[in-house]
Amino acid sequence: MTSASQPLPPAQDERERLTRIQIDRSCRQTVVWYYSSAVFWLLVGSALALLASIKMHSPGFLAGWEWLTFGRVRPAHLAAMIYGWGSMAGVGTLLWLQARLTRNRLPFPTLFPATAIIWNLTVAFGVVAILAGYSTSIEWIEIPPSTAILFGFCIAVIIAASIRMFRSRESRHTYVSQWYLFGAIFWFPLLYVSAQIFLHTPAAAGAVKAAANWWFAHNVLGLWFTPIGLATVYYLIPKVIGRPVHSYHLSLLGFWTLAIFYNWAGTHHLIGGPLPAWLITVGIVGSVMMFIPVVTVAVNHHLTMVGHFHHLRHSPTLRFVVYGAMCYTAVSFQGSLQSLRSVNEISHFTHYTIAHAHLGVYAFFTMVMFGAIYYVAPRLLNAEWHSAGWIRVHFWTTAVGMALYWLGLTWAGWEQGRMMNDPRIPFLDIVRFTVPWLWSRSAAGVLMTIGHISFAWLFWNMLRRRGAWLPGPTLLFWKRSPESLPEGAAE
Amino acid sequence: MAAFYLALWGLAAVLGATAIAALVWSIRRGEFDNLREAALSIFDEDEPPGAITDAFPARHPRSSRRP
């Protein structure tokens with residue numbers, strides 16, 4: 001299918017075209033609030049990440065103050081990144097996408113920025129509470145449970161807006177991205193509420209708490225970040241290269257199989273733990289079944305991109321989004337394999353898992369969100385990004401940094417796991433073996449942080465509108481005058 | 001303990017059930033009838049298939065700043 005042979009969709013009248021410009025305008029305040037906050041938390045999270053990483057190979061570093069001990073810095077990093085950066089960038093993108101997909105204005109123009117402020121205060125309280133020693137010690141949900149009501153309020157507003165936009169949608173079709181977004185919007189609150197109930201009431205104690213913990217934690221990735229990330233990929237790749245998704249059949253198959261299988265996968269985190277074998281086997285089956293959605297998504301995105309890879313040179317959005325989509329395939333394959341008992345007995349409790357987690361949340365989700373912000377922010381603020389050079393710095397530092405991070409820790413973790421399974425090797429020898437790779441992790445972290453700082457600089461200048469003025473919010477600078485295309489981007 | 005596992009898996013089943021209910025709803029609504037048109041629904045006259053909508057900013061953006 002070439003784009004040239006595509007028939008144009010039915011012509012739309014002037015009113016609808018104007019509406020699309022107004023759609024982006026209606027998102028301005030809300031989405032800019034969410035994105036700016038996300039960028040702020042990205043910087044906070046990076047600083048905490050570097051601290052934690054350095055402590056792994058130089059344990060004496062800033063160890064004199066209990067607020068900055070590893071046991072506090074590491075969960076604070078997670079909270080800042082997951083609830084600050086990831087969720088706020090995700091919500092901003094989700095709201096903009098829904099407004100675009102339903103061809104509606106984003107409702108609640110004053111309430112939404114208020115929710116962003118509440119969300120920020122909640123994350124700030126959570127991070128400070130963790131650093132002060134009030135963590136719940138339950139991974140991915142360390143923020144004290146008293147904040148649940150505030151997150152709950154923000155999510156309730158998002159749900160109300162989503163339903164309202166969907167009910168008054170103009171498009172006859174529910175695009176595949178909308179399905180993914182609904183998945184995120186409706187499943188995450190259910191997960192969050194039930195996890196709070198399961199984890200913070202006497203209902204669960206001891207080993208069963210771990211089962212509830214990992215069911216929740218894995219689903220935050222699988223049913224919150226993954227659907228938002230994939231919805232973005234399914235919208236942005238076709239929009240940027242101007243070509244509909246290769247097979248819409250496959251895209252629907254991918255969504256519905258994800259919806260049915262993903263939520264069972266969480267207990268693979270507890271292989272070898274003190275839980276009934278059947279419970280863990282269910283998790284393994286769910287994980288292996290994930291091959292179906294992953295293969296369909298991977299094949300589909302690849303075939304959509306075939307013949308259009310040269311656009312990667314010219315489009316910052318496409319670079320980040322395609323990098324993210326490829327890493328989604330990689331991380332999911334790795335995850336399915338890792339859930340097999342024979343693989344897991346080596347990889348579990350090693351640095352391998354850390355590399356895997358970052359391949360999912362960073363290389364996939366975060367990179368897709370960077371791509372989304374590069375696409376959305378100019379359309380909201382009517383200004384172009386002020387510097388192509390800084391975008392390139394951002395891309396290459398994060399892409400290379402992430403690759404270095406993953407390669408070092410995957411290798412170190414695998415060897416570490418093999419050595420730990422051999423009782424003749426003294427434990428300290430294994431620790432010493434990992435130290436050079438922990439240094440490589442810190443080096444990768446420095447690279448990624450440089451990328452984040454350049455991104456924050458770009459975003460700051462976007463807020464100040466230091467880039468070229470865009471007369472029409474959805475028409476980019478070069479598109480209006482093709483002769484000024486950078487580096488031969490003209491077809 | 002067993003009751004707790006059942007509760008947890010019951011909840012997972014509820015999540016799965018919402019997915020299946022949505023699938024049935026979408027089939028009934030005819031979402032699967034015209035997939036080609038659905039795939040094209042993100043395009044419009046302004047940005048039709050074939051229009052590339054993203055690029056690096058031009059090298060000297062400040063020269064074209066708004067007045």
Side-chain angles (χ1 to χ4, degrees), chain A residues 3-4 6 8-9 11-12 16-17 20 101 171 173-175 186-187 190 194 198 203-204 208 211-212 215 235 238-245 248-249 252 256 259-260 263-264 276 279 311 314-318 375 384-388 391 467-469 474 476-479 484-486 489, chain B:
Chain A
S3 47
Q6 290 295 338
L8 290 182
Q12 282 148 340
E16 196 170 354
R17 192 183 70 81
R20 201 163 58 81
L101 291 170
S171 175
H173 298 281
T174 312
Y175 188 64
F186 291 114
W187 290 326
L190 187 62
S194 38
F198 276 143
V208 291
W215 176 75
Y235 186 79
K239 276 303 263 186
V240 170
I241 65 175
R243 182 190 193 196
V245 63
Y248 200 73
H249 297 76
L252 289 178
W256 292 107
I260 291 164
N263 127 65
W264 301 91
L279 193 89
H311 292 309
H314 315 298
S315 162
T317 299
L318 200 62
Y375 194 84
E384 187 51 274
W385 293 99
H386 86 288
S387 157
I391 300 179
W469 170 242
T474 54
L476 275 157
F477 175 72
W478 65 268
K479 197 178 161 229
S484 66
L485 281 174
Chain B
M1 230 163 159
F4 179 80
Y5 292 135
L6 283 181
L8 193 62
W9 257 214
L11 205 61
V14 168
L15 279 184
T18 60
I20 291 170
L23 178 62
V24 170
W25 178 84
S26 73
I27 294 172
R28 288 216 179 123
R29 264 196 87 249
E31 293 285 348
F32 289 78
D33 292 349
N34 193 343
L35 298 180
R36 188 182 176 76
E37 208 177 286
L40 286 168
S41 65
I42 56 169
F43 297 97
D44 55 29
E45 239 181 8
D46 237 14
E47 290 177 354
I52 292 143
T53 61
D54 187 59
F56 277 102
R59 211 162 276 277
H60 301 292
R62 302 202 67 164
S63 60
S64 57
R65 286 189 75 186
R66 73 187 122 145

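Convention: sequence-line order gives letters A, B, ...; per-chain numbering from 1. Only heavy atoms go into these numbers, but all of them, side chains included; no hydrogens, no water, no symmetry mates.
Taking every heavy atom of both residues into account, B:Ala55 and A:Pro316 meet most closely at C-CD, 3.5 Å. Of all heavy-atom pairs between A:Val245 and B:Ala39, the closest is CG1-CB, 4.2 Å.
Only the side chain of A:Leu252 comes within less than 4.5 Å of a heavy atom in chain B; its backbone stays farther off. Heavy atoms of A:Phe186 lying under 4.5 Å from chain B are absent altogether. Neither the backbone nor the side chain of B:Asp33 comes within contact range of chain A, judged by heavy atoms closer than 4.5 Å. Both the backbone and the side chain of B:Ala7 come within less than 4.5 Å of a heavy atom of chain A.
Ranked by heavy-atom pairs shorter than 4.5 Å toward chain B, the options A:Trp256, A:Tyr175, A:Tyr235, A:Trp264 are led by A:Trp256. Comparing B:Leu15, B:Asn34, B:Val14, B:Ile20 by heavy-atom pairs within less than 4.5 Å of chain A, the highest count is held by B:Leu15.
Between the NE2 atom of A:His173 and the CZ atom of B:Arg36 there is a distance of 12.0 Å, given to the nearest 0.5 Å. Atom-to-atom distance recorded for A:Leu279:CG and B:Leu8:CG is 7.0 Å, nearest 0.5 angstrom. Separating the CD atom in B:Glu31 from the OH atom in A:Tyr248 is a distance of 7.0 Å, to the nearest 0.5 Å. From A:Trp215, atom CH2 reaches atom OH of B:Tyr5 across 15.0 Å, with rounding to the nearest 0.5 Å.
Looking at A:Lys239, its side chain does come within 3.5 Å of a backbone N or O of B:Ile42 through a donor-acceptor pair. Checked by atom type and distance alone, the side chain of B:Asp54 pairs as donor or acceptor with a backbone atom of A:Thr317 at under 3.5 Å.
Residues A:Pro244 and B:Phe43 meet the side-chain proximity criterion, which asks for heavy atoms closer than 4.5 Å. Side-chain atoms of A:Leu101 and B:Ser41, non-hydrogen and from C-beta on, never get closer than 4.5 Å to each other. Residues A:Phe198 and B:Phe4 meet the side-chain proximity criterion, which asks for heavy atoms closer than 4.5 Å.
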For this session: Could you walk me through whether A:Thr174 and B:Arg29 pass side chain to side chain contact (heavy atoms under 4.5 Å, CB included), step by step?
Result: CA-CA 10 Å; A:Thr174 312; B:Arg29 264 196 87 249; 4.0 Å; yes

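Using modelled atom types and a 3.5 Å distance limit, the side chains of A:Trp187 and B:Thr18 yield a donor-acceptor pair.
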